Amino acid sequence: MSLLGIDQTQVQRLRATADEITRSLAPLLRAHTTVTVERAVLRLLGVDGVDHHQVPLPNVVVNHLREKAGDGAAAAVCAAMLHTGASIGEVAEQVARGELDLHRLAQVPEDEVRALGHELAAEGLARIRANVREREERISRLPVRGQPWKYVIVATGNIHEDVIQARAAVRRGADIIAVIRTTGQSLLDYVPYGPTTEGFGGTYATQANFRIMRAALDEVAEETGHYVRLVNYASGLCMPEIVVMGAFERLDMMLNDSMYGILFRDINPVRTFVDQFFSRMVDAAAGIIINTGEDNYLTTADAVEAAHTVLASDFINESFGLAAGLRSDLLGLGHAFEIDPDLEDSFLLELSQALLLREVFPDSPLKYMPPTKHMSGDVFKGYLMNAMFNLSGIWSHQGIQLLGMLTEAMHTPFLQDRFLALQNADYVMNAARHIQDQVTFRPDSLVVRRAHEVLDKTGRLLEEVRGAGLLEAISAGWFADISRPADGGKGLLGVLKKSGRYFNPCKSVLAVQLGLEKEIDTWI
Amino acid sequence: MSLLGIDQTQVQRLRATADEITRSLAPLLRAHTTVTVERAVLRLLGVDGVDHHQVPLPNVVVNHLREKAGDGAAAAVCAAMLHTGASIGEVAEQVARGELDLHRLAQVPEDEVRALGHELAAEGLARIRANVREREERISRLPVRGQPWKYVIVATGNIHEDVIQARAAVRRGADIIAVIRTTGQSLLDYVPYGPTTEGFGGTYATQANFRIMRAALDEVAEETGHYVRLVNYASGLCMPEIVVMGAFERLDMMLNDSMYGILFRDINPVRTFVDQFFSRMVDAAAGIIINTGEDNYLTTADAVEAAHTVLASDFINESFGLAAGLRSDLLGLGHAFEIDPDLEDSFLLELSQALLLREVFPDSPLKYMPPTKHMSGDVFKGYLMNAMFNLSGIWSHQGIQLLGMLTEAMHTPFLQDRFLALQNADYVMNAARHIQDQVTFRPDSLVVRRAHEVLDKTGRLLEEVRGAGLLEAISAGWFADISRPADGGKGLLGVLKKSGRYFNPCKSVLAVQLGLEKEIDTWI
Amino acid sequence: MDLNLREIRPYGDTLSDGAMQMSFTLPLPTGPLAKEAALRFVRRLGLAEADVVHMAELGEGFTFFIVYGKTRLFIDATDITVTAVESDVWDRATCDEKIRELFGRKLRIVGACIGEDAHTVGIDAIMNMKGYAGHYGLERFSMIDAFNLGAQVEPETLLARALEKQADAVLVSQVVTQRDAHLQNLTRFVELAEAAGVRDRLVLIAGGPRLDHKLALELGYDAGFGRGTFAEHVASFIITHLARSRGSSGSKG
Amino acid sequence: MDLNLREIRPYGDTLSDGAMQMSFTLPLPTGPLAKEAALRFVRRLGLAEADVVHMAELGEGFTFFIVYGKTRLFIDATDITVTAVESDVWDRATCDEKIRELFGRKLRIVGACIGEDAHTVGIDAIMNMKGYAGHYGLERFSMIDAFNLGAQVEPETLLARALEKQADAVLVSQVVTQRDAHLQNLTRFVELAEAAGVRDRLVLIAGGPRLDHKLALELGYDAGFGRGTFAEHVASFIITHLARSRGSSGSKG
Ligand code: B12
Ligand code: B12
Ligand SMILES: Cc1ncc(COP(=O)(O)O)c(C=O)c1O
Ligand SMILES: Cc1ncc(COP(=O)(O)O)c(C=O)c1O
């Protein structure tokens, strides 16, 4: 039953508009691949490790292929395997050592190449499926708590220190641990390798670091009796690869937005759209909940004025996500509590927005971001703002409550800050546990009126975007006041036109797994 | 319009029961006076100052009169004035110096005595009325802010330090300043004299201290543009005298409860009932808002279980107050936010109670007390509890919001604690300013059901009290689990049977002023 | 974690980074000078790096500061000896049983909140039937006779009543600590007991939110209990203590 | 208040009581030993009287403490000299007028957020048309040509663009301070300018939430601005500074 009197047919209309917007990009996506998609495919097929310069082997192979990667990196590598009888790892290493030139291979029958490719892809997928089963088994034994799930970050830069802090947070009730990524990693066109102990404002996302944290959280979960979800960041120049690594290490959530890289990291739009699609197919297969980054809009734009851009972007993220096989319950669509706390009735406006998102996406575990922009060195006031955020979270039944830190304006969280954040959420959410069942809103209330206003504005924006085209809208600065032309941005060189022979063995394997056989060819 | 669906005829029934309860005590009240009522009368007529042992002259005179005070102290003093031609102050001083024996005065005509008494009483009342006018004039020039009024305490023990802290609080938005009284003053059977700089957990309530703080607040009010209300404590062995002093120094509010002294200070019940009646007539004439002390029940009893005792006591306080001439808008009836914060839905229960009180006493500026009992050294959690209290306050439109201090469990407030408390209230109340207009409660909600349950229980308790009699109920420990027999407690010796000749010149003067001519003889 | 117990300092987000938070008020008007004064002040406290992250005007020439900083100072945690009540804690049934076994009679315990202190909730929590947070009070123990005299009892009165009741133990509660009122009251009571020559006949126990065992011992009590105490803690201590002293000085019962 | 400026210490509720609040975490498991360690630690910091008012278990062998205490330490506020930007602050119209009057041409200002730092909101607040909290940015000043290069600009690039645009002033923003990234970036930029022999041709201004004038001077900048800066503060400083140096070294326009 709607608290806000939201008309679901209006919502469906907006959803349809968003689908038109995303679908009009399908031909572009279909025509391209990217270096990181190819590297992700190689990783899925089993390539891992680094050369003696610490360059990851997937990068070595794709760099080596140059334009030929437009045929699909898997094609060349599988051909080489058939040719040399070596394993995929050995092929990559031979390339790295300069012992094998993939440009000079004698012809092998295409159907053998494809068969081998599909076999390796199926093995990769099996590894991921095993993780899905393990997650299910663990959760049935160690039940997760009810929503909102309490999500806290660790960000020391040192994975071993992160482990200590994460475990401590879990002992005090955290449901989700996110390891924040070091500054600038999103712009690296490779994924660093091995355990790391140095990072700025975060820790490198490496597969080894994922593994270390996963093991630590599994261990502490046995003691606390609740499965702990692990999160890392995918969006950036290596989005699909990081998702593959996460899928292999049983990460449970990934920051994986269809537009974040474009808008906030000036990554080329085509690159990002292509990358997000493939990476989300992997998320879907791995049962990974994505987190989208609409909160970022409000760090530059005003949260009252730009509320509808958040919702519009959520519709687009949803549409892309569903197309890539993500079920609604894997869509952690983002929004945030960022209204100026000095504004009269600011809490009511926040509540309105939170309830609106909840009603528009009833089946998705919304990711609700805490106040950040208006946090200051006044940790006492900050603690209150976080309390009101927590109240809004329980009131609107958010799925994923990213807990605010009272020292947000100063540093990544101290151990004690995380504890205080958990205590804040526990107190407020328990004290107002059933508030949603208690209360209705007057039809003429600010809460209801504001929600309708935002929804209407969202509809108008989506229609304009449909009219102009998404790439044009982005180029014109309609999102987050940032203009990104389709032919600009970082990583453009890594966008490759697919050749007629292009082969990605994971595509069909994933499509079958996800039941996307019918539509997949329109997208990829 | 009722948010809780409270039936006002039920409320009126409870009010009628409370009236029966209080009225059945009228004959007792009427038959007695007390030493402090007599001293208060002397103060109203103009006696002030101390003897060379620092004993206040009103005490000197009443002590000197011994049983003769049962005729009314004014009678003897006025007779002496007529006899000696001295002023009332000179008479008191002569008694103090042992130069005048009020037991050995030649007879003077009773009507002259009465005339003089009424004349002096009228002068005293004129002084009070001048203060009322001055308050009105100041408020019209320096408008007070909307409710809830932010009420903070100062309690350094040193009136000069109190002044600094009070002025600082006013500059940061406090509407009301309460000077907390030193530990134990309520059990002194005299009011200390002059400015004081030493107190335990509070500052002595003296007329000089009242004056010093009043002047300081008036001064800062001119700068901030808002009249600042000043509060002190009356309840205790000198309740009526302190009210007279407060009326003379333009205090705006007084802690002045009809049962607090009995229950929490073990003061004799008859003494307290007599004292409260006279003192409240003075409050009424002086436009002083009383604050009652129902919050105290919840410091010993459980706030969920004892909620109805709070409401029952408010009805009794209201009934006594109205009888003594207080208008509803001068009744700061007390309640508190004291439910265990670890209880699920504790906030909803608090909100229910706060809304209930608001609906039951729509015209009274309820005095809402912050969490104290469950405050601990965890100042961060305490700050949150105060935030939820402030939310409940704005949601239920409380009149007087006594701001909670995050260091409640440690010490009387530091300067910075008061600042933080104001910041807390400002943020939360502004952020949810119009929440009451937004929201309705489902009829089957906890909030509504709980309110009805408390109201019903209150009705049953009041009926039982009516059946048993108030003195018997108190003696049986029905309030705050504390048993106080009518013939026990402190100050019993100061309860005097009125003689047939008893004369209190203030009675009729006040009764006329308050429009109580008709009923006054049933009470006093 | 490579913890060196000889060098313990605060942990912000790395071992031994010495990071901590402070807040305080200076009697200086808000502005750059006050901010600099605040920084100097926290440096005086031994914070090597420090940041005034918030400064707010309190009015009347005062400024509130929130500071985060790091210190190189540390303490040695290997030489800390803790003064804590040493006794097992038994539940009510066990306590009753032990008393029956060890003393063969009911123990008599008298308690009060002394001086001007009227905060009875604490002593009630320990002594009254109802108890506290789901833990019944001493009155509920079948082998204990508990006498709670309540609030604002003069030390003289408490001692007199204890002797009159032939108490085994006396419980003294003190909540108000302003101007060290609790120290004066507690000391006064011990002095009275000593002057009366009965100190050794009584187990003397002090309690209150700002009290701990160490302070109580210093003041001449046998034990001290702070926040979070339940009746069983107190009963267990009394049993242990009495049994021990009976053991050393022969049967008394 | 009898304030002695030579002896300034915190004010809790009486002058010079030295009362303050602290919170920190120790790498010790929760219990009496950790509590005692916390007490000793705050005594090392010079708190004469202190009370651990709260202790909470953080897990993994850590304990969180909240302490209130009093110190006898103090600072002398009479010898504090404040390093603050010295210039009047004029509104936009006045700034434009002054520029016209003093220089007879538009001033050129180039700004960026350098290094890996991508926090543009601060520099945008100063430079972009829209400004911040109702104060328009430099782009809105009719006598200023403002070029905001945005985020993650390499120091080399910033310098090259500044020279290319013949900038009068360069604005450098740094928000991320972890591992002293800001110090390194800011220093690197000044070194580049010096190496290129152009340091004296440019007014160099640094800004960011953890920056202040003093630090900026130490790093070789002409001014530093922290939280709460608006465009007019920066413009006024640039005008004053340029006018002053023009006064001393002859006309440049
Ligand atoms: C309730 C309360 C009151 C009630 C008391 C009702 C009553 N019958 O007790 C009322 C409203 C009457 C009151 C009045 C005053 N109060 Co008061 N009050 C409190 C409050 C809110 C809670 C105390 C409490 O009940 N705690 C719950 C109990 C269960 O905890 P506890 O006392 O610590 O007891 C536990 C342990 O300490 C231990 N324990 C305690 N005693 C003993 C004894 C023994 C032998 C043992 C073994 C264990 C033990 O076991 C208990 C259970 O675990 C505190 C603030 C706070 N949150 O702590 C202020 C507080 C204690 N009050 C304070 C003050 C100043 C006053 C007044 C002086 C104010 C005034 N000027 O009027 C008055 C005067 C009263 C007087 N003459 O003493 C200050 C004391 C400051 C200080 N450090 O000195 C406090 C801290 C509030 C403040 N921030 O200013 N108060
Ligand atoms: C918004 C924000 C972001 C946005 C930035 C969007 C954008 N386009 O700017 C996003 C989400 C992208 C982001 C990302 C990250 N952030 Co960030 N972010 C913030 C946040 C919430 C607000 C900053 C802000 O906009 N403040 C408002 C502006 C107006 O204030 P200001 O910058 O201080 O600017 C004023 C003055 O300082 C001055 N000023 C500033 N610059 C200049 C320059 C000159 C010349 C002058 C004169 C004046 C001046 O004038 C301005 C107006 O008054 C802060 C937390 C906080 N509440 O402060 C964290 C914060 C700054 N971020 C932080 C971190 C760690 C990151 C990440 C590194 C996290 C990660 N590992 O991914 C990333 C990496 C980004 C990168 N590569 O730099 C940390 C920095 C910790 C530290 N001390 O080093 C903070 C403190 C959060 C935290 N507690 O961890 N962030
Ligand atoms: C969706 C998404 N991805 C990634 C990031 C962080 O990425 P980066 O490493 O670029 O800072 C964010 C930031 O908050 C985000 O919202
Ligand atoms: C109504 C009332 N009167 C007086 C007091 C305080 O009086 P005493 O001085 O007895 O502590 C209170 C305490 O909170 C109160 O509620």
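In what follows, chains are A, B, ... by sequence order, proteins preceding strands, each numbered from 1. Quick caveat, the model's predicted, so the values are computed rather than measured.
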Exercise for review: Mind checking the NE2-NZ spacing from D:His54 to B:Lys381? Nearest 0.5 Å is all I need.
Suggested key: 8.5 Å

Practice item. Name the option with the most non-hydrogen atom pairs under 4.5 Å to chain D; the candidates are B:Ala155, B:Gly377, B:Gly157. Key: B:Gly377

Exercise for review: Assess whether atom CZ of B:Arg145 is packed by more than 12 heavy atoms of other residues, nucleotides or ligands within 6.0 Å.
Suggested key: yes

**Study point:** Within-4.5 Å side-chain heavy-atom neighbours: B:Gln165 and D:Asp13
**Key:** yes

Practice item. Starting from the C-alpha separation in whole Å, work towards a yes-or-no answer on side chain to side chain contact (heavy atoms under 4.5 Å, CB included) for B:Phe414 and D:Met20. Key: CA-CA 9 Å; B:Phe414 284 176; D:Met20 52 189 305; over 6 Å; no

Practice item. Just say parallel, tilted or perpendicular for the rings of B:His411 and D:Tyr68, cut-offs at 30° and 60°. Key: perpendicular

Point to revise | Heavy-atom side-chain proximity of D:Ile66 to B:Asp378 below 4.5 angstrom | key: yes

Exercise for review: Nearest 0.5 Å please: distance from the CG atom of B:Asn158 over to the CG atom of D:Leu15.
Suggested key: 11.0 Å

